[in-house]
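Some notes on the structure that comes next.
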Protein chains: 2
Amino acid sequence: MPAQSTHELIVEKADALFYEGGFDATSFADIAAAVGISRGNFYHHFKTKDDILDAVIGRRMERTRAMLEAWKAEGESPRERILSFIHMLIANRTQIMDFGCPVGTLCSELTKLDHAAQSRATEILGLFRDWLTEQMRALGAPDQAETLALHLLSWSQGVAVMATAFKDEAFIRNEVAGIERWLSSLPNLTHST
Amino acid sequence: MPAQSTHELIVEKADALFYEGGFDATSFADIAAAVGISRGNFYHHFKTKDDILDAVIGRRMERTRAMLEAWKAEGESPRERILSFIHMLIANRTQIMDFGCPVGTLCSELTKLDHAAQSRATEILGLFRDWLTEQMRALGAPDQAETLALHLLSWSQGVAVMATAFKDEAFIRNEVAGIERWLSSLPNLTHST
DNA sequence: GAATAACTAGGACAAGTGTCCTAGTTTCGT
DNA sequence: ACGAAACTAGGACACTTGTCCTAGTTATTC
């Protein structure tokens, strides 16, 4: 692995800081301190703060795409692949209880700030939606696939918000168990109605 | 109705601005402009910005309590009362698509800011949780009442986040219909297992 | 009606913001 | 080895931030 470029390091540190403290509340000074460079030097790498946000969103999209691809390779069946998505809530439970879902909270913040990048941030959620739709379709529910995908995505967003508010790990585990039961019952639901 | 005091007017305007633009991004100048008073005059009414936040949270708690009480008086059965909660998503759909859930987004923001008032904001969610728990208990599910209440609250939070991100009114209506079906199926679930 | 309190506008204050410039230093292609 | 490009630190810039002071005005109380 080659030495990380300053450019990449800035995006990486900004990514973490935006997640932990929010985009608006994170200043150039914060990022510069985290990277270990001078504040003025920033201009050479990024003209504006929005450029950093763009880069961070791009990084998140790329990593999300890679993660979804990996789940495709690992999971034997669509059901197992969907379980990989669900288990993110368990694997990242500590961070979720501290800072919420990285994607959901960013979308919410950018919406309130009326920021132009809001649509790009939503595209990350769109990646999950489309991937889950694909898996649902493979599961044998072609007509309701997107509806089911949006429902599952919504479910996980709700769990993240509640977990952040109440700092309740048992709640996360309980809801994840509920999602798993729901997933198991899906074929039945497909046949009914 | 007596003329609204300046104090109350400040809290009211700050409440709306915090909801629409977020707490951190809303400045004293913004609130002063909305109220129509000078910026410096603020100090006489509120010593710090955190004091305004405290007042706003207090106002929201009071109004939430009143709303929940009203739903108790209006709804004949616990099921109808829970439906009042659910239909908030429909009634406030426009604002939710623009700014999300007032409570959920505030909790998320204050958590990221590591703000001392985060626990007080969570108390508002706690009001909903306790009220829903009470209704669930009355519905005939005493042992799982709080679990069901948290699940419903989580569900609505997820819908709010997704609706904000995708600006999709059809999704809201679809999920609300799903919640209604879930609510109808509840007694059966109580008897099983 | 005088004294006290409540309220107001305007501005000062230091600190922090995003942005941008200048002047050096290092690295790299040739 | 040399010129160009990449990179760096430090600081200036205009502006906004939350906070606080002063000096007036209005309202209330006895």
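Just so it is clear, the model here is predicted, and its values are computed rather than measured. Reckoned from all heavy atoms, side chains included, excluding hydrogens, waters and symmetry mates. Chain A is the first sequence line, chain B the second, and so forth, proteins listed ahead of strands; every chain is numbered from 1.
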Going by ring pair (Phe, Tyr, Trp, His ring centres under 6.0 Å), name the residues that satisfy it together with [X], two or more places apart in sequence or in a different chain.
X	answer
A:Phe46	A:His7
A:Phe166	none
A:Phe18	A:Phe23
B:Phe128	B:Phe85

Closest non-hydrogen atom pair, B:Gly21 against A:Leu113: O-CD2, 4.3 Å
Salt bridge (charged side-chain N to carboxylate O under 4.0 Å, His left out) with [X]: which residues, sequence neighbours excluded?
X	answer
A:Arg137	none
B:Asp15	B:Arg59, B:Arg60
B:Arg39	none

Salt bridge (charged side-chain N to carboxylate O under 4.0 Å, His left out): pairs with one or both residues in residues 108-128 of chain B, sequence neighbours excluded: B:Asp54-B:Arg120
Near-strand residues of residues 10-28 of chain B, defined as heavy-atom separation under 4.0 angstrom from DNA chain D: B:Thr26, B:Ser27, B:Phe28
Residues in contact with DNA chain D, drawn from residues 38-50 of chain B - heavy-atom cutoff 4.0 Å: B:Gly40, B:Tyr43, B:Thr48, B:Lys49
Residue pairs, two or more places apart or on separate chains, that pass side chain to side chain donor-acceptor pair (under 3.5 Å) and touch residues 61-72 of chain B: B:Lys72-B:Glu134
Leading and trailing nucleotides of DNA chain C with any atom under 4.0 Å from heavy atoms of chain A: C:dT17 to C:dC21
